[in-house]
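Step one of this worksheet: look at the structure below.
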Amino acid sequence: MLLNSILTKLLSFPLINQSSVVTVLIVVVVFFGILLILGVLKSYKLKKDNERINEMDTKMPDESEYKDFTDGHMYGGNQ
């Protein structure tokens, strides 16, 4: 009986307080919330930059507009 009461008193002693668990959970939620917000902002900026790049005129000139720049080169076609 005495051993049983000692064991119940030892086992009922909380190793982790409820307030400390809540504090740790709040810190974790805030940390991952900040990471989530930063990720969404980065995604938005990358999407905006991608749309800007796609709107740029990046077409290659036609073959008729190409001018051979190797004519005057010493290894070029003027042999």
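Remember, it's a predicted structure, so these values are computed and weren't measured experimentally.
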Checking side chain to side chain contact (heavy atoms under 4.5 Å, CB included) for the pair Leu35/Phe31: CA distance, chi angles, key distance, verdict?
-> CA-CA 6 Å; Leu35 286 180; Phe31 176 75; 3.5 Å; yes
Determine all donor-acceptor pairs shorter than 3.5 Å in which one atom belongs to a side chain in residues 18-30; sequence neighbours excluded.
from	atom 1	to	atom 2	distance (Å)
Ser20	OG	Asn17	N	3.4
Ser20	OG	Asn17	O	2.7
Thr23	OG1	Ser19	O	2.7

Pairs flagged by salt bridge (Lys or Arg N to Asp or Glu O under 4.0 Å) wherever residues 26-50 is involved - sequence neighbours left out = Asp49-Arg52
Roughly how far, to the nearest 0.5 Å, is the CD1 atom of Ile34 from the CG atom of Leu38?
-> 7.5 Å
Who pairs with Ile37 by side-chain contact (heavy atoms from CB on, under 4.5 Å), at least two apart in sequence or on another chain?
-> Leu41
